[in-house]
Undergrad: 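I am attaching a structure below and will ask some questions about it afterwards.
Residue numbers start from 1 in every chain, and the chains themselves are labelled A, B, ... in the order their sequence lines are given, proteins ahead of strands.
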2 protein chains.
Amino acid sequence: MSGTSPNNSGSSAGRPRSEQAHQAILDATLELLVEGGYSALTVEGVASRAGVGKATIYRRWASKLPLIVEAFGGLPGFEDCDTGNLSDDLKRMLGRYLEVFNTTALSAVLPSLAGERFHNDELSTLFEPVSMSRRRPLIDALERAQERGELSREIDLELAADLVVGPIAVALFFKGGRLKPEMVGPMVDLALRGLRA
Amino acid sequence: MSGTSPNNSGSSAGRPRSEQAHQAILDATLELLVEGGYSALTVEGVASRAGVGKATIYRRWASKLPLIVEAFGGLPGFEDCDTGNLSDDLKRMLGRYLEVFNTTALSAVLPSLAGERFHNDELSTLFEPVSMSRRRPLIDALERAQERGELSREIDLELAADLVVGPIAVALFFKGGRLKPEMVGPMVDLALRGLRA
DNA sequence: CCCATACGAGACGTGTAGTATCGTAACGCC
DNA sequence: GGCGTTACGATACTACACGTCTCGTATGGG
């Protein structure tokens, strides 16, 4: 679909797409996203910042949204962390993630994308795997804990992951936005009280 | 600021603002929001549907966003429910709320507003009290449970509320969107496992 | 060397936000 | 009842962004 690699595998004739332009566009998108948020991001601004023509952008992405999704997907998500202890794993993963969010202002982008999905099927299709793959390390950590017997066997891991990330999502979306890293500890502790075996 | 009542208290001279137009605008806003979501809502569309001129809208609200916030704020939030049992209270409140969300497609509006806040100070100020007041019945129920001794005393109720709503927020924002009402039970049960005294 | 494709630049059409200007309608006050 | 003031619906207008299209040019493979 969109977000194809520069080496269009179909035809080999003609001038190949510039990998450099491709990366410059993604970089510029992220920069502008961080500077002004979703609503201030314009395709013309991205083109100008990246030093490319608009056509070069639209040749790669069908519209503004998939471009943003791909740029967003390039950011670090939860970084897996295996300390042998679930509480530490979670606290460290969530803490790291929060740092990224707080420093990049991406807390503003994610809700926008999430909201737009509901009325934009194309975006929904693109966003789903990105959104889901980012939860993976979290689920993995919970799974390891379950195998260690640290976590009750009959607990639905998907639901457990939601319980752990939930408070952060709420704080991010509905409260001030900025979330102090020291809040991660109590949150994880509280969530884990009910999950332990 | 915006969202002033039709009876502008400052001056009494001249034709008074039409209460009927005011309400028609809010109604039309909600209708269009439900039909096409945030991205499909245009001020011209609202004016047309409400049978008013655009100036009549901008005389009351500074821009599109505050209008949406006020229309959104008119919707029912959590409806307090006191059964004498925390689990039942929560399940019923969340269940009711989910019904509203699923039938009105407002799940698409909320994330959009939440995301926009970060780069729009005016919206942030308007959205904050709306967002917070809606949590109130939830906190109240938790407080009652704490007084009954059903809930551990040392638990931070704000955090507990986040834990309860969290999984729903995650499902709403990051997963398919639609959330089946029968999922509320397991969610509340899991969250409560750690909250009980 | 030739053809196919991508390139940067920017004109263009469409649509929407928000402002300004019509002539008209409703109210308080004298 | 008339007058001034303000709101009304309608609509023209400016500014701006998305997405399309067309330039003339650059860069590759065969």
Undergrad: Rounded to whole Å, how long is the line connecting atom CD1 of B/Ile68 with atom P of C/dT16?
TA: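 Rounded to whole Å, this separation is 14 Å.
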Undergrad: Could you tell me whether B/Arg49 and B/Asp27 have a side-chain N and a carboxylate O separated by less than 4.0 Å?
TA: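 Result for this pair is no, no salt bridge flagged.
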Undergrad: Quickly work out the B/Tyr58 OH to D/dA10 C1' distance and round it to whole Å.
TA: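 My rounded result for the distance is 15 Å.
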Undergrad: Please tell me which of A/Thr42 and B/Gly14 maps to the more 5' nucleotide of DNA chain D, matching each residue to the nucleotide holding its nearest heavy atom.
TA: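 Its nucleotide being nearer the 5' end, the pick is B/Gly14.
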Undergrad: Under 4.0 Å from OP1 or OP2 of C/dA6: is there any side-chain N or O of A/Arg17 that close?
TA: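 The answer is yes; a side-chain N or O of A/Arg17 sits under 4.0 Å from OP1 or OP2.
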Undergrad: Starting the side chain at C-beta, find the nucleotide from D/dA17, D/dG9, D/dT27 nearest to A/Glu44.
TA: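 Looking only at side-chain atoms, A/Glu44 lies closest to D/dA17.
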Undergrad: Any ion pair linking B/Arg136 and B/Asp80 (charged N to carboxylate O, less than 4.0 Å)?
TA: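 No, no charged N to carboxylate O under 4.0 Å.
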Undergrad: Closest to the B/Lys54 side chain: C/dT19, C/dC7, D/dG19?
TA: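 Given the options C/dT19, C/dC7, D/dG19, the side chain of B/Lys54 is closest to C/dT19.
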Undergrad: B/Arg60 side chain to B/Thr56 main-chain N or O, any donor-acceptor pair under 3.5 Å?
TA: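 Yes, because the side chain of B/Arg60 sits within donor-acceptor range (under 3.5 Å) of the backbone of B/Thr56.
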Undergrad: Could you tell me how far apart B/Leu67 (CG) and C/dA17 (P) are, to the nearest whole angstrom?
TA: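 In whole Å, C/dA17 P and B/Leu67 CG are 11 Å from each other.
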Undergrad: What is the separation between atom CH2 on A/Trp61 and atom P on D/dT20, rounded to the nearest whole Å?
TA: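 Going from A/Trp61 (CH2) to D/dT20 (P), I get 15 Å.
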Undergrad: Considering only heavy atoms from C-beta outward, does the side chain of A/Asp189 approach that of A/Lys91 to under 4.5 Å?
TA: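 Result yes, sub-4.5 Å side-chain heavy-atom pair found.
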Undergrad: C/dA6 P sits how many Å from A/Arg60 CZ, rounded?
TA: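 Distance, rounded to whole Å: 9 Å.
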Undergrad: Starting at CD1 of B/Ile57 and ending at P of D/dT11, how long is that distance when rounded to a whole Å?
TA: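 Between P of D/dT11 and CD1 of B/Ile57: 15 Å.
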Undergrad: In terms of the nearest nucleotide of DNA chain D, which residue is placed more toward the 5' end: B/Gly51 or A/Leu41?
TA: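 The residue whose closest nucleotide sits nearer the 5' end is B/Gly51.
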Undergrad: B/Ala13 has a side chain; which of D/dT5, C/dA4, D/dG9 sits nearest to it?
TA: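 The answer is D/dT5, which lies nearest to the side chain.
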Undergrad: Check this one for me: any side-chain N or O of B/Arg15 less than 4.0 Å away from OP1 or OP2 of D/dC3?
TA: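 Answer no for this pair, as no side-chain N or O of B/Arg15 is under 4.0 Å from OP1 or OP2.
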Undergrad: Measure the distance from CZ on B/Arg49 to P on D/dA10 and round it to the nearest whole Å.
TA: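 Rounding to the nearest Å, CZ of B/Arg49 and P of D/dA10 are 15 Å apart.
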Undergrad: Just to confirm, is there a sub-4.0 Å distance from OP1 or OP2 of D/dC8 to any side-chain nitrogen or oxygen of B/Arg59?
TA: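 True: B/Arg59 side-chain N/O within range (under 4.0 Å) of D/dC8 OP1/OP2.
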Undergrad: Between atom CD in B/Gln20 and atom P in D/dA7, what is the gap in whole Å?
TA: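 Rounded to the whole Å, the gap is 17 Å.
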Undergrad: So which one's nearest nucleotide on DNA chain C is more toward 5', B/Ala55 or B/Gly45?
TA: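 Its nearest nucleotide lies further toward 5', so the answer is B/Gly45.
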Undergrad: Does B/Ser18 put a side-chain nitrogen or oxygen below 4.0 Å from OP1 or OP2 of D/dA7?
TA: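 B/Ser18 to D/dA7 OP1/OP2: no side-chain N or O under 4.0 Å.
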Undergrad: Okay, side chain of A/Ser48, backbone of A/Glu44: is any donor-acceptor separation there less than 3.5 Å?
TA: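 Checked: no pair found.
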